[in-house]
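The sequence lines fix the lettering, A, B, ..., with proteins before strands; numbering per chain opens at 1.
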Amino acid sequence: MSYQLSEGSLEIIMNGGQYDKPIMQVLGSKKIQGSGANERFRLLVSDGKHSHSFAMLATQLHDKLITGELSDYSVVQIDRFITSLLKMTGKGEKRVMIILDLTIIAPGSQVGKTLGTPKTWSEETASSKPQPQQAPKQNHAPAPMSMPKPVPAPANLDSSILNSKMTHPIASLSPYQNKWVIKVRVMSKSPIRTWSNAKGEGKLFSMDLCDESGEIRATAFKNECDKFYDMIQVDNVYYISRCSLKTANKRFSTLKNDYEMSFTPETVVAECTEDTSSMPGIQYDFIPINKIADKDPDTILDVIGVCKFASDMQELTAKSTGRLLKKREVTIVDSSGGAVVLTLWGNEAESFDTNGNPVIAAKGTRISEFNGSKSLSCLNSTVLRFNPDMPEAHALRGWYDNGGADLDVVNISAKVGGYSGGSNEWITFAEAESRQLGSGEKGDYYSMLGVLTFTFSDNAVYKACPQEACNKKLVDQENGLFRCEKCNREFPNYKYRILLAANVSDPTGDQRVTAFNESAEVMLGRSADEIGRMFEYDKSGYSQLFDDVKFKTFVFKFRAKMETYSDETRLKTTVINAQPVDYKEGNARLLKSIKSMTGVDV
DNA sequence: CCCCCCCC
């Protein structure tokens, strides 16, 4: 078996030229710094003619080396790379190649030897030769850069860096080398946050930056926070230089970078005003909503869905910190048939506009679990986009507007048992529907303020087994005796019980419900015994009773569950409890609700 | 230099 390496490609690349997907051989690898998360590997690669050891492996490819998939003598196709000129202390410049993506063509064990007789490539070799120029193509090479007017002061910029007409890839940044300019897109920007602890107090904001080679978080404290907060805008591209780098604490960052940066008083930021379309935008890795249920709590993920329902904004005080929080729960659906609640906080909760069922793309939301059901919660670093101009969003819009809106969905955030939210919160029929209450195995309970709009008097009362624990309907033997099939006994006596079918309405909808004896007695305002007697001896009083209760308001507790009768599955809602309204309590709830909707203290 | 990401 013979392998064809891209002879001469190294020379072109190391002189700053372009070469599309060169085939090279790995001859060695060396860990150059750190351990664990700080690991970085340098590779010795050969194109058969030359070899050089200034190739670095992007961190996301480390696994290939660690698992041995990539080893000495492996033949690889370098699918994506960038080169970067690094200033070496006292040694001029050195070009390094950062391998961003590769395909293994043959494992090292299979190749087993050095191909060709590569000579060590050196800077001298490079400078002694004319710069080979392949026709520019694709976007592999460092983009030629014309520096915009530096902001705020040109004197702050290292002119040698700027004049080098190149920028450094994020993947090449390290604490050991501070002369660089990066050209980055801002993926997200946190709100300004203040802190106060034993070491002092201050304020900060952080931003997540990306370029072709990777991503990194930058934080601006105190003066720099004030200086740059307004200038830095999400989605814009900036040239940034003179930050300090330190090891990132993986506990607090999910970015794929071993380092993070802090702005310093010397930091210079200049907006890139040229065409930035070649710069990567925000990269999403969307998970279908129905797959979220299988993921562990605290997983960070990207999701896109159509807003089917949004709660009003609520204000609440965090018990632990005493902080005033604003939150809004948005239920999103996608064509996977899943629905999930996404919780927005702060300004995003406040300004969210539910009109038109917007498509929401969210990058970096976190799964939270409460009372056994999962939902998504936004973090400060979460990127939210409403109706973004992207294929996934257009596809979802089309799906939703052409029937998707009416499809049944499984809401993975549906409450599992217990009263809704474990609280005595009053919800509406619309919310019950949106939360998919009743779709689970166990049935769901919720409370609401509802109006009894109709009660069905037919078959509302029946003669039940007189045994205390048995309420079975008796069969009239027509001989003065009544038979209970359950107790397998005949009785001369019976007790009346109510089984009431009714309609309940609220401002958002209505629902056919069934009420059993105790709650039906409350709704009708008479005992089952009285109602039974009226049924037997006072037909007009009996029907008047059912008329009289129309439009009475109650606080209901319902149990909702899907049930199937003769091949037809429908939501069955049972009255667990009905109580007359305590208007003092009811008004307190309304005031609270008005306050949360308007922010007005009433 | 932060490291909180909330609540039911």
Side-chain angles (χ1 to χ4, degrees), chain A residues 37 188-208 217-227 229 243-255 259-265 267 297-301 311-331 341-350 362-384 413-427 431 435 437 444-447 589 592-593 596:
Chain A
S188 69
K189 171 175 109 163
S190 77
I192 291 177
R193 187 165 58 85
T194 58
W195 83 86
S196 176
N197 59 29
K199 291 183 214 159
E201 55 182 50
K203 57 165 115 170
L204 67 98
F205 80 98
S206 61
M207 66 214 97
D208 291 347
R217 173 161 298 176
T219 306
F221 294 95
K222 300 177 184 174
N223 288 341
E224 288 75 61
C225 174
D226 289 336
K227 190 169 164 187
Y229 186 78
C243 295
S244 66
L245 275 102
K246 62 164 190 172
T247 303
N249 187 336
K250 288 289 178 188
R251 205 151 67 84
F252 304 118
S253 170
T254 53
L255 294 190
Y259 304 112
E260 62 187 28
M261 346 196 282
S262 297
F263 281 24
T264 73
T267 294
D298 294 338
T299 302
I300 306 278
L301 55 83
S311 73
D312 295 322
M313 188 191 78
Q314 285 173 255
E315 278 187 320
L316 46 100
T317 307
K319 275 182 191 150
S320 52
T321 59
R323 289 213 298 187
L324 188 64
L325 305 172
K326 293 171 180 170
K327 86 161 195 183
R328 190 194 295 263
E329 290 184 343
V330 176
T331 301
V341 165
L342 175 66
T343 304
L344 313 184
W345 300 96
N347 286 340
E348 283 161 348
E350 198 165 9
K363 181 182 169 61
T365 66
R366 192 168 69 174
I367 297 181
S368 69
E369 189 169 22
F370 182 72
N371 274 352
S373 68
K374 285 173 182 148
S375 65
L376 298 172
S377 186
C378 290
L379 308 177
N380 278 335
S381 53
T382 299
V383 183
L384 283 181
S413 306
K415 303 293 189 283
V416 186
Y419 289 114
S420 175
S423 72
N424 61 353
E425 174 197 13
W426 290 353
I427 64 169
E431 284 170 296
R435 296 186 194 184
L437 296 186
D444 295 305
Y445 295 81
Y446 63 98
S447 300
R589 285 175 184 269
K592 197 176 156 199
S593 170
S596 94

Over how many whole Å does the gap from [X] atom [atom1] to [N] atom [atom2] extend?
X	N	atom1	atom2	answer
A/Glu369	B/dC6	CD	P	14 Å
A/Lys199	B/dC3	NZ	C1'	10 Å
A/Gln314	B/dC6	CD	C1'	13 Å
A/Lys326	B/dC4	NZ	C1'	18 Å
A/Asp298	B/dC6	CG	P	8 Å
A/Leu342	B/dC6	CG	P	12 Å
A/Asn249	B/dC3	CG	P	12 Å

Among [options], which nucleotide has an atom closest to any side-chain atom of [X]?
X	options	value
A/Arg193	B/dC6, B/dC5, B/dC4	B/dC4
A/Glu260	B/dC1, B/dC6, B/dC3	B/dC3
A/Leu379	B/dC5, B/dC3, B/dC6	B/dC5
A/Phe370	B/dC1, B/dC4, B/dC8	B/dC8
A/Arg366	B/dC3, B/dC5, B/dC1	B/dC5
A/Lys222	B/dC1, B/dC6, B/dC2	B/dC1

Those residues that, when tested against A/Glu431, pass side chain to side chain donor-acceptor pair (under 3.5 Å) (two or more places apart) |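 Only A/Thr428 meet the side chain to side chain donor-acceptor pair (under 3.5 Å) criterion with A/Glu431.
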
Across all chains, not counting sequence neighbours, the side chain to side chain donor-acceptor pair (under 3.5 Å) partners of A/Thr219 are none

A/Lys189 charged N/C atom sitting above A/Tyr229 aromatic ring, 6.0 Å / 45° | yes

Regarding [X], tell me which of base, sugar-phosphate or nothing describes its non-hydrogen contacts under 4.0 Å with the strands shown.
X	answer
A/Arg323	base
A/Lys246	base
A/Ser377	sugar-phosphate
A/Asn380	base

Tell me, yes or no, whether the heavy-atom count around A/Asn197 atom CG, taken from other residues, nucleotides or ligands under 6.0 Å, exceeds 12.
->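 More than 12 heavy atoms, drawn from other residues, nucleotides or ligands, come within 6.0 Å of this atom.
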
N/O (side chain, A/Trp195) to phosphate O (OP1/OP2, B/dC2) under 4.0 Å =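 Yes.
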
Does A/Glu224 reach the side chain of A/Thr267, with side-chain heavy atoms less than 4.5 Å apart?
-> no

